[in-house]
Amino acid sequence: MAAMALLFACNTDVQKKVLVMGQGEINVREKTVSMNNKSGHAEKEMSINDKGAVALNVEVGDSKQTIQLPEENGYYILNLKSDTIVGSQQLIGRDLTNTKVMSQEDLKLKIDSLENLAVGKNVDAVNNFFIKPNQVQKLSSNINARVYGPFKKIPGTIDAAPDNKEPEIYKFYTTTELRELIQNLKELTF
């Protein structure tokens, strides 16, 4: 019980969470992110307790840069991949657990929407995101949002959020992965 109280007390100071997406091995310590830039997808979440803007020191191989997190508290993605990351918020009952059979017209609309997202056309910075390499993007003011990155599926069962409200869920793809998904969907059309 004491361990849970300590864990809860530590989490109350978290102002920002950053999901770092890259390739190879990612290490985070305080306000420094380092990545060896090898192959494979990698993710590492970091919590930041500082209020206000925060400068992250980013080291990728021999390259060093500083990336600024805005003043606003919330959940962010830092894309250190060489590919753009695209994604959107997924709503339970609409995007997830939808049991209705998709018509050909609905399928074509979905393909059109995904093609626009892949090139950054229907990005509205509220529910759809287009994050280029070496950019940081705020997803939500909710630091408990759940983010499923490239090559990861959203689980079939999702627990309630800590406040017993509907969980806030986001799904992301690399543009390469999204184009493969679009091609697979096109094969279902006639």
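Linking Ile, Leu, Val, Met, Phe, Trp and Tyr residues whenever their side-chain heavy atoms come within less than 4.5 Å places I182 and Y173 in a single cluster. The cluster map of Ile, Leu, Val, Met, Phe, Trp and Tyr, joined by side-chain heavy atoms under 4.5 Å apart, puts V136 and M21 in different clusters.
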Chi angles and distances behind the side-chain contact (heavy atoms from CB on, under 4.5 Å) call for T174, T84:
CA-CA 6 Å; T174 63; T84 299; over 6 Å; no
List the steps, then state whether side-chain contact (heavy atoms from CB on, under 4.5 Å) holds for L78 with L56.
CA-CA 10 Å; L78 171 58; L56 293 179; 4.3 Å; yes
Given I48 and V18, is the side-chain contact (heavy atoms from CB on, under 4.5 Å) satisfied, shown in steps?
CA-CA 8 Å; I48 298 173; V18 180; 4.0 Å; yes
Determine, stepwise, if the pair I131 / V86 fulfils side-chain contact (heavy atoms from CB on, under 4.5 Å).
CA-CA 6 Å; I131 309 169; V86 295; over 6 Å; no
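Closest non-hydrogen pair, V54 versus D50, comes out as CG2-CB, 3.9 Å. Here the closest heavy-atom approach between residue Q68 and residue A55 is recorded as NE2-CB, 3.5 Å. Across all their heavy atoms, L188 and Q104 have their closest contact at O-NE2, 3.2 Å. Between P150 and I85, the shortest heavy-atom contact is CG-CD1, 3.9 Å. Y75 and A145 make their closest contact through CE1-O, 3.7 Å (heavy atoms, listed as atom of the first residue, atom of the second, distance). Considering every non-hydrogen atom in both N128 and S88, the closest pair reads OD1-CB, 3.0 Å.
Without hydrogens or angle criteria, E177 side chain to F151 main chain gives a donor-acceptor distance under 3.5 Å. For the pair N49 (side chain) and Q15 (backbone), a donor-acceptor distance under 3.5 Å is absent.
Interatomic distance, CD of Q135 versus CD1 of I77, reported as 12.0 Å (0.5 Å rounding). From K16, atom NZ reaches atom CG of N73 across 4.5 Å, with rounding to the nearest 0.5 Å. Put simply, OG1 on T189 and NZ on K108 are 6.0 Å apart, with the number rounded to the nearest 0.5 Å. Separating the CD atom in Q65 from the CD1 atom in I67 is a distance of 4.0 Å, to the nearest 0.5 Å. From L185, atom CG reaches atom CD of E180 across 12.0 Å, with rounding to the nearest 0.5 Å. The CE atom of M46 sits 12.5 Å away from atom NZ of K17, with the distance rounded to the nearest 0.5 Å.
For E30, the CD atom sits in a loose shell: 12 or fewer heavy atoms of surrounding residues, nucleotides or ligands are nearer than 6.0 Å. Dense packing is recorded around CD of E45, with more than 12 heavy atoms of other residues, nucleotides or ligands lying under 6.0 Å away.
Using a 4.5 Å cut-off on side-chain heavy atoms (C-beta onward), F172 and L139 make contact. Side-chain contact check for V33 versus N27: every heavy-atom pair is 4.5 Å or farther apart. The shortest distance between side-chain heavy atoms of K81 and H41 falls below 4.5 Å. At least one side-chain heavy atom of I154 sits less than 4.5 Å from a side-chain heavy atom of Q90. No side-chain heavy atom of N79 sits less than 4.5 Å from a side-chain heavy atom of N134. When side chains are defined from C-beta on, E25 does not count as touching S34, because their heavy atoms never get closer than 4.5 Å.
Electrostatic pairing of K152 and E43 counts as a salt bridge here, judged by a charged N lying under 4.0 Å from a carboxylate O. A salt bridge links E115 with K186: at least one charged nitrogen is closer than 4.0 Å to a carboxylate oxygen.
A donor-acceptor pair shorter than 3.5 Å can be found between the side chains of K138 and S141. Residues Q23 and S39 have side chains that never bring a donor and an acceptor to within less than 3.5 angstrom of each other.
In this pair, Y170 and F129 present their aromatic rings perpendicular. The plane angle is above 60°, beyond the 30 to 60° band.
Under a cutoff of 6.0 Å and an axis angle of 45°, K132 and F130 do not form a cation-pi pair.
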